[in-house]
Trainee: 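Quick one: the structure is below, questions incoming.
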There are 2 protein chains.
Amino acid sequence: MTDAGLSAELVAVVMAVDRGRPFVVASGEPPALPAGPLRADEESLQAGVREFAREHMGFELGYVEQLYTFADLGRSTDGRRVISISYLGLTRAEISGSERPTDWSALYDLLPWEDRRHLESGTGSDRLGEEIEAALQRWSGDDGDRLERCRFLFGYDERVWRPDLALQRYELLWETGLVAESPCAAKISALTAGPMVNDHRRILATGLSRLRAKLQYRPVVFELMPEVFTLGELQETVEAIAGQSVHKQNFRRAVEVQHELVEPTGDVSHDTGGRPAKLYRFRRSVRQERDQVGTKLPIPRAAR
Amino acid sequence: MTDAGLSAELVAVVMAVDRGRPFVVASGEPPALPAGPLRADEESLQAGVREFAREHMGFELGYVEQLYTFADLGRSTDGRRVISISYLGLTRAEISGSERPTDWSALYDLLPWEDRRHLESGTGSDRLGEEIEAALQRWSGDDGDRLERCRFLFGYDERVWRPDLALQRYELLWETGLVAESPCAAKISALTAGPMVNDHRRILATGLSRLRAKLQYRPVVFELMPEVFTLGELQETVEAIAGQSVHKQNFRRAVEVQHELVEPTGDVSHDTGGRPAKLYRFRRSVRQERDQVGTKLPIPRAAR
DNA sequence: CCAGCAAATACTCATTTCGAGCATTTGATC
DNA sequence: GATCAAATGCTCGAAATGAGTATTTGCTGG
């Protein structure tokens with residue numbers, strides 16, 4: 001049944017990690033994820049996303065996966081129904097600090113509370129975290145369910161922080177009016193600089209959640225890595241996405257134990273600051289197989 | 001951008017399990033999943049699916065989750081682009097053998113190779129399995145990649161059978177022309193009685209795959225259970241969905257270890273055929289929490 | 001050339017989890 | 001009261017995990 005007011009678009013969450021810093025394609029003011037109308041001649045949506053990235057951003061996506069389809073009313077500012085089919089795309093683009101193209105944004109500028117790497121060992125003053133905790137406390141009041149939900153999602157009171165709950169955390173912050181997009185975000189929500197277009201921050205959080213979850217059981221990290229890399233760099237990338245650090249020795253054990261996941265190139269890298277590191281390459285041959293199955297890289301589903 | 005030829009619909013994979021027999025709502029000839037146009041006044045799609053089930057099937061869905069959005073060209077028999085947003089819904093409807101409403105189909109009539117409970121202990125003659133293996137063998141020929149893929153998905157040569165790869169298996173069978181919907185399914189594909197509408201069997205396989213995967217880390221089984229149940233019944237349901245059986249003692253250990261997942265009602269059930277079984281109820285209170293997190297019920301990700 | 005640093009790499013160890021099997025309990029049935 | 005079938009209880013070894021300690025190695029500044 002064709003509906004006069006119906007339109008469909010593709011929205012992409014395209015991520016890359018450069019030396020421990022995760023980026024996402026988002027540009028404009030307010031920032032927006034890349035999106036385009038669904039063209040009538042596209043055979044497959046997946047291919048459509050790839051082509052879109054190629055044409056508009058100028059690079060190949062190594063990995064593409066459908067995320068979620070948003071179609072609720074009231075998503076966009078005008079009242080029409082827009083169906084947004086969102087995709088996650090990973091690439092190896094190098095976004096170096098200096099002349100970074102304007103359409104890459106630092107991921108954790110858009111979702112600041114999701115990066116916890118700084119406050120891990122010892123005493124990082126966690127102003128943001130404390131602010132959130134206080135605000136959530138206020139919001140919860142005496143409501144036990146609310147309290148429990150906050151505890152659970154943000155790891156208060158001895159509970160663990162689970163990186164892959166990024167989406168649920170966003171939704172909680174949205175409900176409580178702490179992100180700029182919230183309908184009830186009256187006051188300055190210091191958490192996010194300003195709003196993003198429509199529900200793009202939610203879509204972004206969806207992508208991050210999915211990627212973090214996937215990291216634990218699929219070899220997707222390699223889509224973010226250059227051809228050859230050291231185990232340290234691999235770990236750094238995982239940590240960048242997960243937003244928290246992992247035990248180094250156990251990380252390499254996990255990689256080594258995965259039979260034939262990576263292979264040494266024979267060379268070593270000297271810009272480590274210490275002992276040179278062996279260089280490895282991802283064994284693409286196992287990819288098709290592993291792609292469907294499991295590869296377990298140890299992102300602590302639990303930290304603290 | 002409104003496209004004249006664009007239309008969107010909701011498709012639902014609604015499942016229930018009755019005494020170890022899984023069912024899905026599908027009716028007609030050829031069988032079709034329930035589907036309806038996306039209405040302009042629906043606030044949220046999820047609510048739309050619930051309402052659809054209520055109105056057209058007459059029951060409440062206990063759990064609803066978006067599956068995937070199919071929008072590739074060439075999905076339906078006429079050439080227009082249809083966007084199908086598919087949902088998985090679970091319910092506790094009791095579909096008793098005798099007067100089962102005509103719109104419930106036995107799940108494994110539609111995906112026969114996905115049920116392996118019969119051939120587990122010892123010697124079930126697995127005619128279907130052998131037929132598939134032979135056909136896949138023929139299809140593979142000398143192609144190493146093809147061989148590996150078959151081995152991997154169907155667990156040949158000492159490899160394990162992973163229940164949650166149902167979708168990938170369907171796609172392989174589709175490619176090889178072994179399911180009735182295949183474009184190249186010239187001969188009688190004995191695997192499936194006849195075709196299903198459009199790509200509904202693929203959607204069904206998507207739902208099964210997702211449900212099986214979810215079973216391992218989310219307490220979704222309980223949406224398929226009546227208010228009170230024995231651990232044996234719980235296990236029976238898990239096995240029905242997984243398509244294979246699990247170690248009984250370990251299953252109950254896993255349930256018990258999950259602190260406060262279920263609680264005994266105090267009553268016992270006598271229609272067990274042996275020692276009476278304690279009755280339990282799902283602790284709905286933990287649901288909200290667990291829903292977002294993890295519950296580990298032991299479906300062997302690996303069998304054999 | 002040497003001391004010392006930083007990071008890579010190598011081992012160790014206790015704890016938990018997991019798969020599998022044996023043993024016991026308890027009503028129903030004949 | 002013997003027998004059966006299923007629930008329930010317990011044990012054991014293998015494997016996976018989390019968290020250290022120890023060692024190697026090239027670079028750097030003096």
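Throughout, protein chains are lettered first and strands after them, A, B, ... in sequence-line order, and every chain is numbered starting at 1. These numbers were taken from a predicted model, which means no experiment stands behind them.
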Trainee: Considering only heavy atoms and no angle criterion, is a donor-acceptor pair shorter than 3.5 Å present between the side chain of Arg253(A) and the base of dG18(D)?
Mentor: yes
Trainee: More 5' along DNA chain D: Gly232(B) or Gln249(A), using each one's nearest nucleotide?
Mentor: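 Per heavy-atom nearest nucleotide, the more 5' residue is Gly232(B).
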Trainee: Heavy-atom nearest nucleotide on DNA chain D for Val257(A) versus Thr272(B): which residue maps closer to 5'?
Mentor: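 By nearest-heavy-atom nucleotide position, the 5'-most residue is Thr272(B).
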Trainee: Can you check the Phe251(B) CZ to dT17(C) P distance for me, whole Å?
Mentor: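 Roughly 18 Å, once rounded to whole Å.
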Trainee: Using a strict 4.0 Å threshold on nitrogen-to-oxygen distance, state whether Glu114(B) and Arg169(B) make a salt bridge.
Mentor: yes
Trainee: Can you give one letter per nucleotide of nucleotides 25-30 of chain D, going 5' to 3': B for a protein heavy atom under 4.0 Å from the base, S for sugar-phosphate only, - for none?
Mentor: BSS---
Trainee: Hey, is Arg210(A) close enough to Glu65(A) for a salt bridge, meaning N to O under 4.0 Å?
Mentor: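 Salt bridge present between Arg210(A) and Glu65(A).
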Trainee: Please report the closest heavy-atom contact between Leu107(A) and Val24(A), naming both atoms and the distance.
Mentor: CA-CG1, 4.3 Å
Trainee: Describe, as an angle rounded to 10 degrees, how the axis at the first end of the helix from dC1(C)-dG30(D) to dC30(C)-dG1(D) is tilted relative to the axis at the last end, five pairs per end.
Mentor: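 Answer for the end axes of this duplex: 0°.
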Trainee: Within this structure, what is the NZ-to-P distance between Lys278(A) and dA7(C), rounded to whole angstrom?
Mentor: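 Those two atoms, NZ and P, are 19 Å apart.
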Trainee: Closest to the Arg252(B) side chain: dA7(C), dA20(C), dA7(D)?
Mentor: dA7(D)
Trainee: Report yes if a side-chain nitrogen or oxygen of Lys248(B) is closer than 4.0 Å to either non-bridging phosphate oxygen (OP1 or OP2) of dA7(D); otherwise report no.
Mentor: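 So the side chain of Lys248(B) is within the cut-off, an N or O lying under 4.0 Å from OP1 or OP2 of dA7(D).
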Trainee: Got a salt bridge between Arg92(B) and Glu60(B), using NZ or NE/NH1/NH2 to carboxylate O under 4.0 Å?
Mentor: no
Trainee: Going by side chain to side chain contact (heavy atoms under 4.5 Å, CB included), Val262(B) matches just one of Leu279(B), Val255(B), Val228(B). Which one?
Mentor: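 Of the listed options, the one satisfying the test is Val255(B).
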Trainee: In this structure, how many angstroms lie between the P atom of dT9(C) and the CD atom of Gln235(A), rounded?
Mentor: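 Going from Gln235(A) (CD) to dT9(C) (P), I get 11 Å.
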Trainee: Which residues satisfy the side chain to side chain donor-acceptor pair (under 3.5 Å) test with Glu133(A), sequence neighbours excluded?
Mentor: none
Trainee: Hey, mind stepping through Tyr156(B) and Trp161(B) against side chain to side chain contact (heavy atoms under 4.5 Å, CB included) and telling me if it holds?
Mentor: CA-CA 8 Å; Tyr156(B) 301 141; Trp161(B) 168 276; over 6 Å; no
Trainee: Please give, in whole Å, the distance from dA8(C) P to Asp267(A) CG?
Mentor: 17 Å
Trainee: Measure the distance from NE2 on His247(A) to C1' on dT21(D) and round it to the nearest whole Å.
Mentor: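 Distance check: His247(A) NE2 to dT21(D) C1' gives 10 Å.
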Trainee: If you measure from the Lys or Arg side-chain nitrogens to the Asp or Glu carboxylate oxygens, is any gap between Glu148(A) and Arg151(A) under 4.0 Å?
Mentor: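 A salt bridge is present here (some side-chain N lies under 4.0 Å from a carboxylate O).
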Trainee: Is the shortest distance from a Lys or Arg side-chain nitrogen in Glu263(B) or Arg281(B) to a carboxylate oxygen in the other one below 4.0 Å?
Mentor: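 A salt bridge is present here (some side-chain N lies under 4.0 Å from a carboxylate O).
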